[in-house]
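Note that the coordinates shown come from a computational prediction; the quantities given were computed from them, not determined experimentally. Below, chains carry the letters A, B, ... as their sequence lines are ordered, and counting in each starts from 1.
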There are 2 protein chains.
Amino acid sequence: MQVRDAEQARLCHARQILDRVGDKWSIAVIHSLGKQTLRFTELKRDIDGISQRMLTATLRTLERDGLVRRTVHPVVPPRVDYVLTELGLTLLGTVCTLMTWAVTHADDIDEARAAYDARPVP
Amino acid sequence: MQVRDAEQARLCHARQILDRVGDKWSIAVIHSLGKQTLRFTELKRDIDGISQRMLTATLRTLERDGLVRRTVHPVVPPRVDYVLTELGLTLLGTVCTLMTWAVTHADDIDEARAAYDARPVP
DNA sequence: CTGTATCCACAAAGATACTG
DNA sequence: CAGTATCTTTGTGGATACAG
């Protein structure tokens with residue numbers, strides 16, 4: 001039973017992390033920063049549909065988790081740069097793998113959905 | 001501009017799929033079915049903390065997306081089996097990759113969080 | 001056994017306005 | 001420019017009861 005519990009615990013922990021890095025805004029930020037260092041406003045422009053509130057919250061979480069580094073330049077007007085850390089870069093690779101899967105199998109999923117929705121309903 | 005829009009569209013589509021397969025219950029179901037075919041009740045027992053409602057909803061979505069196959073046996077009492085499709089199996093592999101990343105770097109993230117939370121607050 | 005239906009609570013997220 | 005504060009709205013998930 002200890003084995004099952006230990007597995008559950010590991011899964012649970014993994015799920016917590018997936019909940020973090022798996023939400024759409026985190027993915028978007030990581031993907032954007034994968035290309036280059038960006039400032040707050042540049043990120044906001046780059047990520048379609050994100051609100052200031054969500055961008056701030058997402059960046060804080062990613063910073064806290066050690067995936068993104070935030071650099072404040074003491075100038076006027078204020079300038080803050082965001083860049084992926086080394087840990088963030090390893091995640092970028094993994095995220096890209098998942099992205100690739102999603103892109104590769106998008107058609108399969110669309111087909112499956114169409115087939116499912118076209119079923120005769122009793 | 002078309003290039004950027006096309007990329008945005010692809011990213012958006014990928015995000016939709018990630019939203020599906022990335023939520024914790026989907027991950028849990030796919031992981032459970034990765035080991036063996038299971039019935040509804042067995043899945044509910046296997047996945048700690050899931051409610052009937054969520055399990056049903058998750059299975060429907062996965063079935064619609066062509067990741068899980070649902071087989072009803074016309075017997076009394078009713079018996080319904082769930083198994084990963086071929087497409088589901090390819091996702092299992094990718095999910096495992098992400099899981100592995102999460103497990104591998106869990107300590108790094110915990111450290112980063114501890115360091116972040118220990119910062120002196122102005 | 002395998003679900004569906006309903007209700008409710010809480011949290012997440014958008015809009016908006018304001019500050020250092 | 002780079003956020004914070006506040007309000008409102010939406011959505012997600014849990015509990016429960018019931019049906020085929």
Side-chain angles (χ1 to χ4, degrees), chain A residues 11-12 15-29 32-33 36-65 68-83 116-117 119-122, chain B residues 12 15-30 32-33 36-65 68-83 116 119 121-122:
Chain A
L11 275 176
C12 208
R15 277 215 305 255
Q16 282 176 17
I17 295 173
L18 286 182
D19 278 353
R20 289 281 148 105
V21 305
D23 82 290
K24 64 175 184 175
W25 296 135
S26 293
I27 297 272
V29 167
S32 280
L33 291 181
Q36 63 206 292
T37 298
L38 289 173
R39 316 174 50 173
F40 187 86
T41 311
E42 291 170 337
L43 272 170
K44 180 153 165 36
R45 237 196 316 273
D46 202 50
I47 300 171
D48 198 52
I50 196 170
S51 65
Q52 271 194 354
R53 190 182 180 285
M54 280 300 100
L55 180 54
T56 303
T58 303
L59 286 170
R60 284 293 174 284
T61 302
L62 292 175
E63 187 195 358
R64 186 168 106 98
D65 287 352
V68 162
R69 179 160 39 249
R70 177 173 181 270
T71 310
V72 181
H73 303 279
V75 296
V76 241
R79 178 191 182 92
V80 180
D81 286 338
Y82 292 93
V83 60
Y116 185 95
D117 295 342
R119 291 178 324 169
V121 268
Chain B
C12 206
R15 277 215 306 257
Q16 282 176 18
I17 295 173
L18 287 182
D19 278 354
R20 289 281 150 106
V21 305
D23 81 291
K24 64 175 185 178
W25 295 135
S26 292
I27 297 271
V29 166
I30 288 170
S32 279
L33 291 181
Q36 64 206 292
T37 299
L38 290 172
R39 316 173 49 173
F40 186 86
T41 310
E42 292 170 337
L43 272 169
K44 182 154 165 32
R45 236 195 318 272
D46 202 50
I47 300 171
D48 199 52
I50 196 170
S51 65
Q52 269 194 354
R53 188 182 181 284
M54 282 299 101
L55 181 54
T56 304
T58 303
L59 286 170
R60 284 294 173 282
T61 302
L62 292 175
E63 187 195 358
R64 185 168 106 98
D65 287 352
V68 162
R69 180 161 37 250
R70 177 173 180 268
T71 310
V72 182
H73 303 279
V75 297
V76 242
R79 177 192 181 93
V80 180
D81 285 338
Y82 293 93
V83 59
Y116 185 95
R119 291 177 324 167
V121 269

Please encode protein proximity along nucleotides 14-20 of chain C as a string of B, S and -, counting only heavy-atom distances under 4.0 Å.
BB----B
Within the 4.5 Å heavy-atom criterion, are B:Leu62 and B:Leu33 side-chain neighbours or not?
no
Less than 4.5 Å apart, any side-chain heavy atom of A:Arg70 and any of A:Val72?
yes
Under a 3.5 Å distance rule, please check whether B:Arg60 uses its side chain to pair with a backbone N or O of B:Ala57 as donor and acceptor.
no
Less than 4.5 Å apart, side chain to side chain, heavy atoms only: is that true for B:Leu59 and B:Leu43?
yes
Looking only at non-hydrogen atoms, find the nearest pair between B:Thr37 and B:Tyr82 and report the distance.
CG2-O, 3.3 Å
Round to the nearest Å and state the distance from B:Lys44 atom NZ to C:dG3 atom C1'.
12 Å
Min side-chain heavy-atom separation A:Phe40-A:Thr56 under 4.5 Å
yes
Any side-chain heavy atom of B:Gln36 sitting closer than 4.5 Å to one from B:Leu38?
yes
Outermost nucleotides of DNA chain D that come under 4.0 Å of a non-hydrogen atom of chain B:
D:dG13 to D:dG20
Of the residues in residues 56-65 of chain B, which ones touch DNA chain D at a heavy-atom distance under 4.0 Å?
none
Nearest-Å distance for atom pair CG/P, residues B:Leu43 and C:dT2
10 Å
Rounded distance [0.5 Å steps], CH2 in B:Trp25 versus OG in B:Ser32
10.5 Å
Can you see which heavy atom on B:Met54 is nearest to which on B:Thr58, and at what distance?
O-OG1, 2.7 Å
To the nearest angstrom, the CG-P distance between A:Leu55 and C:dA13 comes to 13 Å
For B:Asp81, which of B:Arg69, B:Arg39, B:His73 qualifies under side chain to side chain donor-acceptor pair (under 3.5 Å)?
B:His73
